[in-house]
Protein chains: 2
Amino acid sequence: MDADLKEIDTHEKESGFVDGYLLYLLASASHLASGQFHEEIRGAGVRVPEWRVLACLRDNDGQMVTQLARFALMEQSHLTKTIDQMTERGLVTRRSDEADRRRVRIFLSGKGRELAGKLVKQASAHEERLIRQLGMSDIVQVKSFLSRMIETLENNE
Amino acid sequence: MDADLKEIDTHEKESGFVDGYLLYLLASASHLASGQFHEEIRGAGVRVPEWRVLACLRDNDGQMVTQLARFALMEQSHLTKTIDQMTERGLVTRRSDEADRRRVRIFLSGKGRELAGKLVKQASAHEERLIRQLGMSDIVQVKSFLSRMIETLENNE
DNA sequence: TTGTTTTATATGATATCGCATATTATATTT
DNA sequence: AAATATAATATGCGATATCATATAAAACAA
């Protein structure tokens with residue numbers, strides 16, 4: 001009977017939901033690719049959340065905490081604590097907003113800017129290697145696809 | 001002098017490294033898209049790592065811990081603890097491998113399989129909505145791109 | 001003004017995560 | 001076989017992340 005056939009091939013990937021699941025593919029690709037660079041980052045004595053903050057501030061210095069947390073892909077309360085540590089290390093400074101004193105704006109220090117610049121260079125170099133290694137001729141399309149996706153998701157809450 | 005010009009446009013995105021950085025685009029897209037579904041998951045009383053384990057086991061039951069950790073995108077020691085909790089909740093069971101008793105294989109319980117099935121259905125529905133919402137006509141290409149990327153990165157260490 | 005609501009950040013308690021290493025089992029070498 | 005090396009999982013601890021809420025400022029309403 002058919003029931004017997006079910007027993008065969010238990011080591012083959014029969015159903016394979018996750019292999020074709022967009023969110024898993026994204027998470028997995030991100031996890032693997034970023035993992036490589038995060039090792040480099042660690043080597044420079046910088047943690048992942050710190051790297052994200054440095055990179056975001058380098059692009060746009062003086063962001064307020066809530067906004068920065070969104071860009072750096074972390075929770076507000078976690079960013080606050082990360083900022084504490086980075087302040088102690090002399091990488092960033094807090095300054096309360098003149099116009100609205102609830103707001104706290106974060107600025108790179110000279111040291112922080114220098115480190116950020118160095119890491120961004122490393123990131124660029126790593127990206128180049130990665131793209132070459134993956135033979136991604138369609139990299140422009142992929143990036144624009146991801147950008148569209150992000151924009152849509154951000155606006156759609 | 002030129003120095004004065006630097007002061008202008010401090011609110012424009014001048015350099016914008018991260019906006020075009022592949023790893024950031026991937027992380028950001030993954031973060032935002034998965035974030036949506038993770039809320040659903042939470043609503044079902046399931047945590048993200050648990051959901052990943054359930055989905056992976058549903059595709060391939062009886063995996064050993066190390067292998068499963070890789071697929072579920074988490075560290076081995078963390079998976080061990082997640083398995084502890086899931087075992088207590090009656091979602092999975094441990095069974096040591098006959099041939100090599102160092103190995104521990106993880107199996108879905110009936111309850112676990114049922115939950116996994118329910119969540120996979122939810123995930124499929126969510127994915128459909130997401131793809132429709134994003135108007136992703138090129139979804140097949142995107143997925144195959146990500147798959148290629150993952151395969152390359154996995155094999156390359 | 002005073003009271004109420006909303007917004008921005010900080011804080012504290014708790015759970016999660018990750019590193020280093022312990023434990024146990026197998027493989028290899030002598 | 002005994003000793004050593006390697007492999008798979010578990011454990012302890014310190015760091016990190018998250019939730020709920022506190023604090024403080026601004027906006028709004030009465």
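Note that the coordinates shown come from a computational prediction; the quantities given were computed from them, not determined experimentally.
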Query raised in the report: Taking 4.0 angstrom as the limit, do Lys121(A) and Glu128(A) come out as a salt bridge?
Result: no
**Report entry** Side-chain N or O of Arg101(A) closer than 4.0 Å to phosphate OP1/OP2 of dA8(C)
**Finding:** no
Report task. Measure from NE2 on His31(B) to C1' on dT18(D) and round the result to the nearest Å. Result -> 13 Å
Query raised in the report: How many Å lie between CD on Glu98(B) and P on dA25(C), as a whole number?
Result: 14 Å
**Report entry** Given Asp61(B), Leu68(B), Thr82(B), Leu57(B), the one that forms side-chain contact (heavy atoms from CB on, under 4.5 Å) with Val92(B)
**Finding:** Leu57(B)
**Report entry** Donor-acceptor pair between Gln76(A) and Thr80(A) side chains, under 3.5 angstrom
**Finding:** yes
Query raised in the report: Among side-chain atoms of His126(B) and Glu40(B), is any donor-acceptor pair under 3.5 angstrom?
Result: no
Could you go through nucleotides 8-11 of chain D and list every protein N or O atom that sits under 3.5 Å from one of its N or O atoms, giving the distance for each pair?
residue	atom	partner	partner atom	Å
dT9(D)	OP1	Val65(B)	N	3.2
dT9(D)	OP1	Val104(B)	N	2.9
dT9(D)	OP1	Val104(B)	O	3.2
dT9(D)	OP2	Thr66(B)	N	2.9
dT9(D)	OP2	Thr66(B)	OG1	2.4
dA10(D)	OP1	Arg94(B)	NH1	2.8
dA10(D)	OP2	Thr80(B)	OG1	3.0
dA10(D)	OP2	Arg94(B)	NH1	3.2
dA10(D)	N7	Gln76(B)	NE2	2.9
dA10(D)	N6	Gln76(B)	OE1	3.4

Listing time: all N or O pairs from protein to nucleotides 3-5 of chain D that are below 3.5 Å?
none

Report task. Mind calculating the distance between CD (Glu75(A)) and C1' (dT9(C)) to the nearest angstrom? Result -> 13 Å
Query raised in the report: Hey, does the Lys NZ or Arg CZ of Arg94(A) hover above the aromatic six-ring of Phe107(A), less than 6.0 Å from the centre and inside 45° of the axis?
Result: no
Requested in this report: Whole angstrom is fine here: how far is it from NE2 in His38(A) over to C1' in dG18(C)?
Outcome: 15 Å
Query raised in the report: Within the distance-only criterion (no hydrogens, no angle test), does the side chain of Lys143(A) pair as donor or acceptor with the backbone N or O of Gly20(B) below 3.5 angstrom?
Result: yes
Query raised in the report: Is Glu50(A) touching bases, backbone alone, or none of the nucleic acid, heavy atoms closer than 4.0 Å?
Result: nothing
**Report entry** Length of the line joining Arg70(A):CZ and dA8(C):C1', which is rounded to integer Å
**Finding:** 14 Å
Query raised in the report: Rounded to the Å, how far apart are Asp97(B) CG and dA25(C) P?
Result: 13 Å
Requested in this report: Look at the rings of Tyr21(A) and Trp51(B) and say which category their plane angle falls in: under 30° parallel, 30 to 60° tilted, over 60° perpendicular.
Outcome: perpendicular
**Report entry** Distance, rounded to the nearest Å, where Met74(A) contributes CE and dT18(D) contributes C1'
**Finding:** 13 Å
**Report entry** Non-hydrogen atoms of Ser109(A) and Gly90(A) that approach each other most closely
**Finding:** OG-O, 2.6 Å
Query raised in the report: Can you check whether Arg95(A) has a side-chain N or O nearer than 4.0 Å to OP1 or OP2 of dT9(C)?
Result: no
Requested in this report: Quick one: list whatever passes ring pair (Phe, Tyr, Trp, His ring centres under 6.0 Å) with Phe145(A), sequence neighbours left out.
Outcome: none
